[in-house]
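We count ligands from 1, going down the list as the structure has it; atoms in each ligand are counted the same way.
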Amino acid sequence: MYNIALIPGDGIGPEVIEEGVKVLESACHVHNIGINWHKYPFGSEYYLQKGVLLPDSALSELREMDAIYFGAIGDPKIKPGILESEILLKMRFALDQYINLRPVKLYPGISGPLKYKDSSDIDFYVVRENTEDFYIGIGGHFKDSRYQEKHFLKRGLYQMDIQLDFQLPEQEETGYQLGILTRKGSERIIKYAFDFAQKKNLSKVSTVDKANVLSGMYHLWRDIFKDTAAHYPDIKTDYYYIDAMTMFFVSQPEKFEVIVSPNMFGDIITDLGATIQGGIGMAAGANINPEGVSMFEPIHGSAPDLKGKYVANPVGTILAGAMMMEHLGEQDVALSIDQAVETVLRYGRVRTVDIGGNSSTKAVGSEIVKQLI
Ligand code: NAI
Ligand code: MG
């Protein structure tokens with residue numbers, strides 16, 4: 001019996017999560033595994049009604065769960081950034097989910113935008129550092145003359161407005177953002193990438209940085225990568241600068257097996273990865289803390305344009321559910337879900353609009369349930 005927190009969230013979040021839960025329940029039932037869902041209402045509606053985002057009491061409860069299954073958050077009614085930083089980022093940071101694991105896999109039967117590549121060429125993992133780099137929130141925008149009376153100071157996840165009572169000259173406007181990499185933060189993610197490659201029987205780990213120009217932080221990263229690689233003599237390594245790597249994602253994605261990346265470059269290449277695997281509706285991600293509680297989600301947002309239409313692709317969410325079961329040690333369940341998804345996509349009769357079909361979100365979920373073995 002697993003205790004799993006369920007946060008459907010906003011927009012299409014609840015629609016895709018419903019299918020994810022349906023598939024997980026069927027797959028677990030076959031393997032005699034029970035799931036005790038603990039549903040949380042966090043997201044835009046709850047915030048508008050109660051003014052509550054993610055209370056500390058809920059965070060304490062989340063810490064006791066076996067995993068968190070998350071839909072998406074974000075609503076046009078709410079200023080961008082509030083829900084994202086106070087729910088999603090708060091959860092990632094507070095629970096120290098320092099690994100963002102993103103499989104990039106083009107399933108047979110899905111035609112991605114790379115017309116000379118098929119499912120044998122696009123099948124790798126990105127291991128993205130999830131807590132450091134430029135995402136620590138140390139930055140500010142000072143003396144912005146467009147907001148005459150306001151002077152913004154950003155610290156951590158919180159924003160502080162300070163009233164000024166004098167006019168600001170335009171030339172003095174300043175913006176800055178600091179990125180940091182720590183030895184501890186880099187060592188743990190790079191080691192995870194090598195251990196992950198070993199566990200999956202993969203033969204190569206690639207690293208990406210910009211050590212040629214942003215040498216301060218990324219030299220440290222590169223040194224730690226080299227030192228770590230020395231402990232894994234059976235695993236090959238290679239090095240890329242971020243600009244070159246984006247080129248190879250398009251021209252030679254078959255080069256990659258496991259990529260380990262600092263946070264910001266990981267953010268960029270995982271979106272590119274989602275595109276070459278057939279679009280944002282296909283992609284799943286995990287935010288992992290191997291010593292704590294991890295969170296599993298589709299990588300897309302709340303897609304307000306699709307809300308209530310039941311046409312969103314639930315595959316990313318369903319695959320995130322499979323990743324969750326694998327993380328919990330239930331390999332058989334994970335594999336059965338992955339195979340059912342593969343069968344449905346290969347067959348191609350039931351699929352959503354974004355990947356060339358006309359089936360509903362629910363029809364795709366039901367078809368995947370039917371294929372579970
Ligand atoms: P989005 O991912 O919601 O949508 C981007 C585009 O992809 C839209 O055209 C949408 O219709 C389409 N799309 C997304 N998911 C799909 C699916 N499952 N099937 C078919 N098509 C799909 O990103 P957008 O529009 O930039 O952001 C919308 C809201 O979501 C914003 O409030 C944003 O802050 C939030 N967001 C939340 C995330 C999260 O909760 N993890 C991640 C990204 C954005
Ligand atoms: Mg992104």
Side-chain angles (χ1 to χ4, degrees), residues 5-20 23 40-48 53-54 68-93 95 97 100-102 107 110 112-113 128 130 135 157 263 266-268 270-288 294-321 323-324 341 344-345 350-365 368:
L6 190 65
I7 309 180
D10 299 321
I12 61 167
E15 300 170 28
V16 289
I17 277 287
E18 193 180 326
E19 300 315 306
V23 171
Y40 290 90
F42 306 127
S44 65
E45 290 306 321
Y46 196 69
Y47 175 57
L48 289 172
L53 289 153
L54 176 64
I68 302 166
Y69 196 36
F70 184 85
I73 47 161
D75 190 290
K77 288 192 288 247
I78 295 168
K79 199 173 124 206
I82 296 178
L83 297 165
E84 292 83 345
S85 63
E86 296 300 323
I87 297 180
L88 205 55
L89 292 181
K90 182 171 173 181
M91 191 156 59
R92 279 184 199 163
F93 279 87
L95 303 176
Q97 293 164 340
N100 182 228
L101 178 63
R102 274 277 294 107
Y107 279 82
I110 298 295
R128 166 186 169 191
N130 217 14
Y135 294 67
L157 295 173
N263 206 343
D267 191 2
I268 297 166
T270 50
D271 271 24
L272 187 51
T275 303
I276 64 172
Q277 74 184 108
I280 205 165
M282 297 294 298
N287 297 279
I288 298 174
S294 303
M295 189 264 272
F296 300 82
E297 57 171 349
I299 72 147
H300 60 75
S302 58
D305 52 329
L306 305 182
K307 180 183 175 179
K309 296 182 180 158
Y310 285 87
V311 294
N313 189 346
V315 168
T317 309
I318 291 167
L319 291 174
M323 291 179 83
M324 180 164 76
V341 168
V344 172
L345 294 175
V350 182
R351 53 171 64 174
T352 45
V353 180
D354 58 314
I355 50 172
N358 58 13
S359 309
S360 69
T361 308
K362 285 175 188 288
V364 173
I368 291 169

Looking only at heavy atoms, what is the nearest atom pair of [X] and [Y], with distance?
X      : Y      : answer
Val344 : Val350 : CG1-O, 3.6 Å
Leu101 : Met323 : O-CE, 3.6 Å
Ile12  : Ala303 : CD1-CB, 3.6 Å
Ser44  : Ile78  : CB-CD1, 3.4 Å
Ala274 : Arg102 : N-NH2, 3.5 Å

Evaluate the 4.0 Å heavy atom contact test for [atom]: does a protein atom fall under the cut-off?
atom                    : answer
atom 2 (O) of ligand 1  : yes
atom 20 (C) of ligand 1 : yes
atom 25 (O) of ligand 1 : no
atom 7 (O) of ligand 1  : yes
atom 28 (C) of ligand 1 : yes

Tell me which one of Ile355, Val311, Leu306, Val353 gets a heavy atom nearest to atom 22 (C) of ligand 1.
->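 Result: the heavy atom closest to atom 22 (C) of ligand 1 is in Leu306.
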
For atom 18 (N) of ligand 1, which candidate among Leu88, Ile7, Asp271, Asn313 provides the closest heavy atom?
->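 Minimum heavy-atom distance to atom 18 (N) of ligand 1 goes to Asn313.
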
Backbone or side chain, does any N or O of [X] fall under 3.5 Å from an N or O of ligand 1?
X      : answer
Ala303 : yes
Gly301 : yes
Ile73  : yes

Does ligand 1 have any atom that is closer than 4.0 Å to a heavy atom of [X]?
X      : value
Asp75  : yes
Pro80  : no
Gly316 : no

Using a strict cut-off of 4.0 Å, indicate which atoms of ligand 1 neighbour a heavy atom of [X].
X      : result
Glu297 : 41 (N)
Ala72  : 40 (O)
Gly74  : 32 (O)
Pro304 : 28 (C)
Glu84  : 32 (O), 33 (C), 34 (O)

Beyond-backbone contact of Thr317 with His300, side-chain heavy atoms, under 4.5 angstrom |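 A side-chain contact exists here, since the closest heavy-atom pair is under 4.5 Å.
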
Heavy atom of the protein closest to [atom] (residue, atom name, distance):
atom                    : result
atom 30 (O) of ligand 1 : Ser302 N, 3.0 Å
atom 9 (O) of ligand 1  : Asp305 OD2, 3.3 Å
atom 13 (N) of ligand 1 : Ile280 CG2, 3.7 Å
atom 16 (C) of ligand 1 : Ile12 CD1, 3.9 Å

Quick one: does Arg351's side chain have a donor or acceptor within less than 3.5 Å of a partner on Leu345's backbone?
->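 Here the side-chain-to-backbone pair exists.
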
Taking the side chain from Tyr69 and the backbone from Ala320, do they hold a donor-acceptor pair closer than 3.5 Å?
->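 Looks like no, no N/O pair under 3.5 Å.
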
Mind checking the CD1-CD1 spacing from Ile276 to Ile110? Nearest 0.5 Å is all I need.
->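 Here the rounded value is 14.0 Å.
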
State which residues pass ring pair (Phe, Tyr, Trp, His ring centres under 6.0 Å) with Tyr46; sequence neighbours excluded, sorted by chain then number.
->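 For Tyr46 the ring pair (Phe, Tyr, Trp, His ring centres under 6.0 Å) partners, ignoring immediate neighbours, are Phe42.
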
Asn358, CG: over 12 other non-hydrogen atoms inside 6.0 angstrom |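 No.
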
Under the side chain to side chain donor-acceptor pair (under 3.5 Å) rule, what do Asp75 and Tyr47 come out as? Steps first, then yes or no, please.
-> CA-CA 11 Å; Asp75 190 290; Tyr47 175 57; over 6 Å; no

Do we get Arg128 above Tyr135's six-membered ring, with its NZ or CZ under 6.0 Å from the centre and within 45° of the axis?
->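 Arg128 over Tyr135 ring: yes.
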
